[in-house]
Amino acid sequence: MHFKRSITVVGCHAEGEVGDVIIGGVLDVPGKTMFEKLRHFETKKDDLRQFLLNEPRGRAPMNVNLVLPPCDPRADAGFLIMESNEYAPMSGSNTICTTTVLLETGMIPMKEPVTEVSLDTAAGMVTVTAECEGGKCKSVEFNNVPSFVLELDMKVTVPGVGEISIDIAYGGMMYILVDVASVGLAVHDKFAQKLIDIGESIKRSVRAVYTPVHPENPGITGFSVLAFTEPLTIEEDGCKAASNAVIVSPGRFDRSPCGTGTCARLAVMHARGEVKEGEIFKHRSIIGTEFVSRIRGLAAVGKYPAILPTVKGRAWITAFKQVVLDPSDPFQEGRSFLSKKIGYKTERLDDLLEVVRDMYIRMKGELDI
Ligand SMILES: O=C(O)[C@H]1NCC[C@@H]1O
């Protein structure tokens with residue numbers, strides 16, 4: 001059988017969030033930085049992301065990471081993060097998955113009891129400390145890029161909800177943070193559909209009035225993730241803890257506590273005087289899994305005071321897959337196959353905007369503008 005594509009993928013999840021890792025079958029692309037490589041895939045080779053993340057080979061609640069040669073000579077490897085609706089500059093659960101796969105497959109030699117790894121991401125360099133024993137990567141602690149608050153207590157009016165107060169912060173992705181009680185809900189799966197519907201509605205309302213832009217990389221802009229937060233509690237061991245539910249576009253939960261969301265929340269908590277450097281903050285997901293985090297230092301990003309966050313979690317390999325494309329398969333690329341149908345009927349305006357966005361990115365790539 002002659003296949004049009006054959007890609008080697010290691011299945012993996014971090015605290016419940018799928019972060020598969022491509023370790024073969026995809027060549028490097030031009031780019032002086034990993035962000036330039038991200039843009040190359042986004043504008044010229046997005047068919048790979050569509051192929052792996054859309055049905056029948058993928059699903060919305062999953063991510064795929066592409067291991068590539070790094071651009072920064074200090075790094076051991078580079079990787080790009082492909083999510084259902086976008087390429088994320090940085091991602092905590094995906095960093096934990098990618099590190100686990102790199103070490104447990106031997107692509108980076110594992111040293112016991114601790115292996116230090118440097119990873120080049122589209123958001124910048126991320127250094128990682130992995131606890132290893134008996135060939136297993138038992139935990140991954142990553143030093144994320146500087147995280148900072150863009151807005152505190154910003155008011156926004158949401159149809160069907162009314163006026164609410166939100167925070168906006170960067171933790172490797174741009175986050176909208178909302179006190180879940182302010183919309184009459186709680187982080188619990190009995191509110192799952194309402195959390196998703198209201199979360200997506202808040203994103204649309206905020207997008208209409210505010211565009212976040214990273215001061216050092218204007219290509220890092222826009223919102224695709226929103227964190228509903230529960231209040232801080234103090235655990236028996238004296239540590240601060242809280243739950244959150246992260247709504248990832250097009251409308252699904254992060255099954256992990258969300259590493260970049262944890263970093264964005266730490267920046268908000270620090271700005272509010274709720275957490276100090278070095279204090280442990282345990283962050284939990286809607287399914288009860290946990291990341292342990294802390295602020296390892298302070299910095300500045302443009303005009304914004306920033307924190308240097310560190311997050312620790314675990315990941316497990318679930319499969320070794322050879323993902324292939326039979327030339328006669330009717331579903332060559334999933335959603336992009338559908339969006340090519342000009343008459344594609346959309347249920348909602350934002351679906352249409354999504355189709356237009358995909359087509360714009362593709363045209364930009366083809367015109368190389
Ligand atoms: O942990 C994180 O940061 C990621 N999890 C899915 C959405 C985010 O990229």
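Heads up: numbering here begins at 1 and tracks the sequence. First listed ligand is number 1; within each ligand, the first listed atom is number 1. For the numbers below, each heavy atom of this structure counts, side chains included, while hydrogens, waters and symmetry mates do not.
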Would you indicate which of Asp254, Asn94, Thr262 comes nearest to atom 7 (C) of ligand 1 when only heavy atoms are counted?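 Of the listed residues, Asp254 has the closest heavy atom.
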Looking only at distances, please establish whether an N/O atom of ligand 1 is found under 3.5 Å from an N/O atom of Gly259.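 Yes; the residue has a nitrogen or oxygen that sits under 3.5 Å from a nitrogen or oxygen of the ligand.
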Give yes or no for whether the N/O distance cutoff of 3.5 Å, strictly under, is met between Glu17 and ligand 1.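 Checking ligand 1 against Glu17, no N or O pair falls under 3.5 Å apart.
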Which atoms from ligand 1 have a heavy atom of [X] less than 4.0 Å away?
X: Ser93; value: 1 (O), 2 (C), 4 (C), 5 (N), 6 (C)
X: Glu83; value: 7 (C), 8 (C), 9 (O)
X: Gly92; value: 1 (O), 2 (C), 3 (O)
X: Thr260; value: 2 (C), 3 (O), 8 (C)
X: Met173; value: 8 (C), 9 (O)

Can you report which non-hydrogen protein atom sits closest to atom 4 (C) of ligand 1, along with the distance?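 Protein heavy atom at minimum distance: Ser91 OG, 3.1 Å.
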Contact between ligand 1 and Ala88 is defined here as a heavy atom of the residue under 4.0 Å from a ligand atom; is it met?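 No, that is not the case, since the closest heavy atom of the residue is not under 4.0 Å from the ligand.
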When you check the gap from the basic side-chain N to the acidic O, do Asp329 and Lys4 get nearer than 4.0 Å?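 Result for this pair is no, no salt bridge flagged.
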Can Arg265 and Asp167 be counted as an ion pair, charged N to O under 4.0 angstrom?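 Salt bridge between Arg265 and Asp167, a charged N being under 4.0 Å from a carboxylate O: no.
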Distance alone, cut at 3.5 Å: any donor-acceptor contact between the side chains of Ser182 and Asp179?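 On atom types as modelled, these side chains do not qualify, holding no pair under 3.5 Å.
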Once you measure the plane-to-plane angle for Tyr170 and His214, does it fall in the parallel (<30°), tilted (30-60°) or perpendicular (>60°) bin?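 The arrangement is perpendicular - the two ring planes meet at more than 60°.
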Taking distance alone, no hydrogens or angles, what donor-acceptor pairs closer than 3.5 Å link side-chain atoms of residues 74-82 to residues at least two apart or in another chain?
{"unit_1": "Arg74", "atom_1": "NE", "unit_2": "Asp72", "atom_2": "OD1", "d": "3.0"}
{"unit_1": "Arg74", "atom_1": "NE", "unit_2": "Asp72", "atom_2": "OD2", "d": "3.1"}
{"unit_1": "Arg74", "atom_1": "NH2", "unit_2": "Asp72", "atom_2": "OD2", "d": "2.6"}
{"unit_1": "Asp76", "atom_1": "OD2", "unit_2": "Ser118", "atom_2": "N", "d": "2.7"}

Name the residue from Glu141, Glu279, Glu277 that meets the salt bridge (Lys or Arg N to Asp or Glu O under 4.0 Å) definition with Arg294.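 For Arg294, the salt bridge (Lys or Arg N to Asp or Glu O under 4.0 Å) check succeeds only for Glu141.
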